[in-house]
Amino acid sequence: MTKIFNTFKTAGLGLALAGCFALSAQAQVTLNMNHQWPATTAGSKVDQWFADEIEARTDGEVRIKIFWSEGLAKSGEALELLGTGGLDMAAMSPGYFPAQLPLHVAPNSIPMKMESVDQANTLMKRLMDEVPAFAEEAEANGIKALFFHHLNPYLLVSREPITSVAQMEGKKMRTWGNDMPRMVQAAGGTPVTMMLPEIYEGLSRGVVDTAPFAVDLVVNYKIHEVAKHISEITLWEGPSWGVWISTGAWDKLTPEQQAIVEEVSAEAMERDRVAVLAAGEEARETLLEAGVTFHEFPQEEKDKWRAALPDFFGDWIATMEAADKGDAARDAITIWKEVIGEN
């Protein structure tokens with residue numbers, strides 16, 4: 001009898017252990033992330049830290065595998081794939097999706113309305129905390145924003161020196177979204193929509209004469225090999241690409257795992273701010289050594305260009321009004337003006 005009892009006891013223990021292993025296996029979640037940047041950028045390194053840290057803090061239960069440089073899909077396809085379950089996560093710029101993410105697009109696209117990384121950091125945090133419509137817009141597309149990256153100011157990078165508005169006449173400039181093209185047209189230039197991986201070849205072949213780009217990204221993409229001039233005018237600054245998760249993938253996580261992801265996301269955003277600022281300083285030294293010339297863009301010329309711009313804020317509010325998001329847009333612009341000190 002004792003022998004039979006021990007046999008059942010051993011079998012029961014085995015079943016219990018098997019059940020534990022089964023539960024453990026079920027708890028392991030691997031999320032595939034499509035990334036629009038190569039692994040070498042300052043922000044990309046933060047995203048790798050983000051993935052590693054989540055795996056560590058969840059004891060390996062949640063793993064994020066990053067596919068760099070559009071390894072799973074083109075950036076313009078990422079939103080649809082997130083919504084249909086084709087992607088679990090994506091590091092992508094909302095500016096590529098003006099129709100689906102019109103609230104998120106504005107800070108990612110409106111030019112000449114911010115000057116510093118810290119302004120962009122403060123703005124996006126406040127928008128996410130104080131304007132619920134941003135989260136609602138993401139949810140309507142089947143996604144959730146975890147955090148947003150920063151980019152150093154996008155300066156005027158060109159094949160030939162450009163130090164005045166008059167010299168922009170007829171110049172072809174790489175743009176994205178709906179507002180950047182209007183900024184170029186206001187200075188007499190021709191906008192050319194172009195994705196990030198196309199910029200090098202576009203400048204090399206003369207498809208474009210100039211491109212707004214951050215100094216560290218000029219180094220990462222080796223743009224200085226084909227464009228040796230950078231003019232000191234901030235054409236765009238703002239919160240950059242977001243790290244997004246599909247609602248389906250988010251729902252796979254336990255409440256405890258979700259809390260860890262949100263905790264690491266907040267830390268990653270601050271880590272990114274510091275890393276991007278440091279990368280910008282280092283890149284300037286690298287570019288000078290590579291023979292790049294930095295040109296002053298006189299204040300009176302900056303003022304002339306800005307005076308020619310459309311009313312981006314007013315136009316955006318009007319567009320959002322037509323989409324029943326006027327109140328959210330007005331709240332966002334109020335916050336934006338507070339951040340940049342504009343009356």
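Numbering starts at 1 and runs along the sequence shown.
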* Structure fact -> Applied to residues 216-227, the salt bridge (Lys or Arg N to Asp or Glu O under 4.0 Å) test, sequence neighbours excluded, yields none

* **Contact summary for Ser44 and Pro38, nearest pair of heavy atoms** => OG-O, 2.6 Å

* Donor-acceptor contact below 3.5 Å, side chain Thr41 vs main chain Trp37 -> no

* Asked: Side-chain donor-acceptor pair under 3.5 Å between Glu70 and Ser75, yes or no?
  -> yes

* **Atom of Ala290, atom of His224 and distance for their closest heavy-atom approach** => CB-CD2, 3.8 Å

* Structure fact -> Here the salt bridge (Lys or Arg N to Asp or Glu O under 4.0 Å) pairs for residues 203-212, sequence neighbours left out, are Glu201-Arg205

* To do: Answer yes or no: is there a donor N or O on one side and an acceptor on the other, between the side chain of Glu80 and the main chain of Glu77, under 3.5 Å?
  => no

* Does Asn34 use its side chain to pair, donor to acceptor, with the backbone of Ala91 at less than 3.5 Å? -> no

* With clusters built from Ile, Leu, Val, Met, Phe, Trp and Tyr whose side-chain heavy atoms come within less than 4.5 Å, directly or transitively, what are the remaining members of the cluster of Val117, listed by chain and number? -> Val276, Leu277

* Are Glu338 and Arg126 ion-paired here, with the side-chain N under 4.0 Å from a carboxylate O? -> yes

* Structure fact -> Separation between CD1 (Ile245) and CD1 (Ile143), nearest 0.5 Å, reads 11.0 Å

* To do: Can you measure from NZ (Lys325) to CD1 (Ile317) and round to the nearest 0.5 angstrom?
  => 14.5 Å

* **Polar side-chain atom of Gln36 near backbone of Ser93 as donor-acceptor pair, under 3.5 Å** => yes

* Salt bridge check: are Lys302 and Glu115 linked by an N-O gap of less than 4.0 Å? -> no

* Under 3.5 Å: donor-acceptor pair, side chain of Asp88, backbone of Asn32 -> yes

* Gln28 side chain to Glu61 backbone, donor-acceptor under 3.5 Å -> no

* Asked: Looking at residues at least two apart in the chain, or sitting in another chain, which of them share a salt bridge (Lys or Arg N to Asp or Glu O under 4.0 Å) with Glu53?
  -> Arg57

* Can you find a side-chain donor-acceptor pair between Glu296 and Thr163 that sits under 3.5 Å? -> no

* Does a sphere of radius 6.0 Å around CD in Glu263 hold more than 12 heavy atoms from other residues, nucleotides or ligands, not counting ones at 6.0 Å or beyond? -> yes

* Asked: Is the closest basic N to carboxylate O distance between Glu237 and Lys113 below 4.0 Å?
  -> no

* Asked: Which atom names give the shortest non-hydrogen contact between Ala279 and Ala42, and what distance separates them?
  -> CB-CB, 3.8 Å

* To do: Would you check if the side chain of Asp272 reaches a backbone N or O of His150 as a donor-acceptor pair within less than 3.5 Å?
  => yes

* Same hydrophobic cluster for Phe213 and Leu203, using side-chain heavy-atom links shorter than 4.5 Å among ILVMFWY? -> yes

* Under 3.5 Å, is there a donor-acceptor pair between the side chain of Ser231 and the main chain of Ile233? -> no

* Would you say the side-chain atoms of Thr58 pair up with the backbone N or O of Ile54, donor to acceptor, closer than 3.5 Å? -> yes

* Please collect all ring pair (Phe, Tyr, Trp, His ring centres under 6.0 Å) contacts where either partner lies in residues 281-308, sequence neighbours excluded, each pair once. => His229-His295

* To do: Begin from the C-alpha positions of Glu267 and Arg273 and carry the test salt bridge (Lys or Arg N to Asp or Glu O under 4.0 Å) through to its verdict.
  => CA-CA 10 Å; Glu267 293 176 21; Arg273 184 188 70 83; over 6 Å; no

* Asked: Can Glu232 and Arg284 be said to form a salt bridge (Lys or Arg N to Asp or Glu O under 4.0 Å), step by step?
  -> CA-CA 12 Å; Glu232 299 278 11; Arg284 281 182 174 268; 2.9 Å; yes

* Asked: How would you list all residue pairs meeting salt bridge (Lys or Arg N to Asp or Glu O under 4.0 Å) that involve residues 138-152, not counting sequence neighbours?
  -> Lys144-Glu262

* Structure fact -> Residues Pro94 and Val105: closest non-hydrogen pair is O-CG2, 3.1 Å

* Distance from Leu156 atom CG to Leu235 atom CG, nearest 0.5 Å? -> 5.0 Å

* Using modelled atom types only, decide if a donor and an acceptor are shared between the side chain of Glu137 and the backbone of His104 within a distance under 3.5 Å. => yes

* State the CG-CG distance between Asn108 and Leu103, to the nearest 0.5 angstrom. => 13.0 Å

* Considering the options Tyr96, Tyr154, Trp241, which one meets the ring-ring contact (aromatic ring centres under 6.0 Å, His included) requirement together with Trp176? -> Tyr154

* Same apolar cluster (I L V M F W Y, side chains within < 4.5 Å links), Val274/Met269 -> no

* How many angstroms lie between OG1 in Thr210 and CD1 in Ile162, if you round to the nearest 0.5 Å? -> 4.5 Å

* **ILVMFWY cluster, Phe148 and Val46 together (side-chain gap under 4.5 Å)** => no

* To do: Sort out for me which residue in Val207, Leu196, Val157, Val184 forms a side chain to side chain contact (heavy atoms under 4.5 Å, CB included) with Arg174.
  => Leu196

